[in-house]
Amino acid sequence: MQSCSVRASHFDLVKTLDSGQVFHWEKYADGFVGTIEQVPVYVEQRGSTLKVSCNGAEQSPGRVIRQYFALDHPLKKICASFPPDAAMNQARDFCRGLRIIRQPKWECLATFICSSMKQVAHIRQISRALRQRYGRKLIICGITTYDFPGAGRLARASEEELRVCGLGYRAKNLLATSRRVATGEAHLEAWNALPDDELRARLCELPGVGAKVANCVMLFAYERIAAFPIDVWIERVLRQNYFARKRKVTPRKLAEFAAGYFGEYGGYAQQYLFHYARLMKRRADPY
DNA sequence: CTCCAGGGATGAT
DNA sequence: ATCATCCATGGA
């Protein structure tokens, strides 16, 4: 096992892992256990330092962590680029240190196909079930974890078998997309070279992938930082704050507004608005 | 445009 | 305690 310290300024591990962009990290001791590709990882934050342990990384643990958590993103510059309205200012203040991480492409795509019309707690359960049933067993700090199964492994499963993992009607879509990726008909790595619009079009051809899921995958796995996924929460935020008492605002109109208003780091703005809205709802009750 | 497809966490009572 | 609502939606 390798251990090391990684300097991480302008970074909040808890906010980053709890913001609905990644679903498999589990709280353990003072940190989290999870995987990065096939590497089991334990990570905990002490101030502006990350204490990291991992098993069998080809590159140095520090490199892996800096890449995965996008510690090179210019967060101060990104936050300074946000439009200066009240909603955005509150979200930026609340989400200080939240970064958009670089996820493995297949894992991200598969997970967000499973996310449709599910709550975050459900998505976490599905992710755990798929990993336990189809992933490789890995040990870190005496804790058992599992990597995310490759498309080839899931392509060999049956729809009924996948339904056992709690996927419901999504099983059919995950299976169909797994097969396209496994055969190479959909070459996720090669799509890295495509411009945003073409990449979005390719992703939307996959079963279970519409504009929203495509934008999530672009943002969380292809580092297309301007991509702006619009889910139920973000739609509420946009309508309340930017289209107050206006009728007949179509989804297309919302998307066009978001693309123009939030700028080149729109994906970050979206993530901050999403996380702020979701956590406010969770606490805004006792009174 | 509408309607529907798991199911469990979460909230209401 | 039970019951209703909600959900990082896509497809028909």
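So you know, we letter chains A, B, ... as the sequences are listed, proteins then strands, and number each from 1.
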Taking only N and O in the side chain of A:R163, is any of them less than 4.0 Å away from OP1 or OP2 of B:dG6?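 So the side-chain polar atoms of A:R163 do come within 4.0 Å of the phosphate oxygens OP1 or OP2 of B:dG6, strictly under.
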
Categorize [X] for me: base, sugar-phosphate, or nothing, with a 4.0 angstrom heavy-atom threshold over every strand shown.
X      : value
A:Q271 : base
A:A171 : nothing
A:T250 : nothing
A:G20  : base
A:R236 : sugar-phosphate
A:F228 : nothing

Return the 5'-most residue of the pair A:Q125, A:Y169 with respect to DNA chain B, ranking by each residue's nearest nucleotide.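 Its nearest nucleotide lies further toward 5', so the answer is A:Y169.
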
Closest-nucleotide ordering on DNA chain B, the 5'-leading residue of A:P251 and A:Q119: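 That would be A:P251.
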
With no angle test and no hydrogens, is the base of B:dG8 tied to the side chain of A:K118 by a donor-acceptor pair under 3.5 Å?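 Between B:dG8 and A:K118, which were checked side chain against base, a qualifying N/O pair under 3.5 Å is absent.
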
Quick one: A:I123 CD1 to B:dG6 P, roughly how many Å, whole number?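 Distance check: A:I123 CD1 to B:dG6 P gives 17 Å.
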
To the nearest Å, how far apart are A:R128 CZ and B:dG7 P?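 Value for this atom pair: 17 Å.
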
Non-hydrogen side-chain atoms of A:I113 and A:T177 separated by less than 4.5 Å: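 Contact flag for A:I113/A:T177 side chains = yes.
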
A:Y261 vs A:D85 side-chain heavy atoms within contact, under 4.5 Å: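 Yes, close enough: below the 4.5 Å cut-off.
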
In terms of relative ring orientation, are A:F257 and A:Y242 parallel, tilted or perpendicular, with 30° and 60° separating the classes?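 Because their plane-to-plane angle lies in the 30° to 60° range, the rings of A:F257 and A:Y242 count as tilted.
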
Scan side-chain atoms only and decide if A:E160 and A:S158 contain a donor-acceptor pair under the 3.5 Å cut-off.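 No pair is found: no donor N or O on one side chain lies under 3.5 Å from an acceptor on the other.
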
Do A:N173 and A:R170 pair up side chain to side chain, a donor and an acceptor below 3.5 Å, judged on atom types alone?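 No, because no side-chain N or O of A:N173 sits under 3.5 Å from a partner of the opposite role on A:R170.
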
Is the distance between the ring centroids of A:F112 and A:F23 under 6.0 Å?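 Between A:F112 and A:F23, which both carry aromatic rings, the centre distance is below 6.0 Å.
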
What are the 5'-most and 3'-most nucleotides of DNA chain C lying under 4.0 Å from any heavy atom of chain A?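 Both ends considered, the range comes out as C:dC6 to C:dG11.
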
Crowding at NZ, A:K172 (>12 non-hydrogen neighbours, <6.0 Å):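 Not more than 12 within 6.0 Å, no.
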
Look through every strand shown and name the nucleotide pairing with C:dG11 as Watson-Crick or G-U wobble, where both distances are under 3.5 Å.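 With both distances under 3.5 Å, C:dG11 matches B:dC3.
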
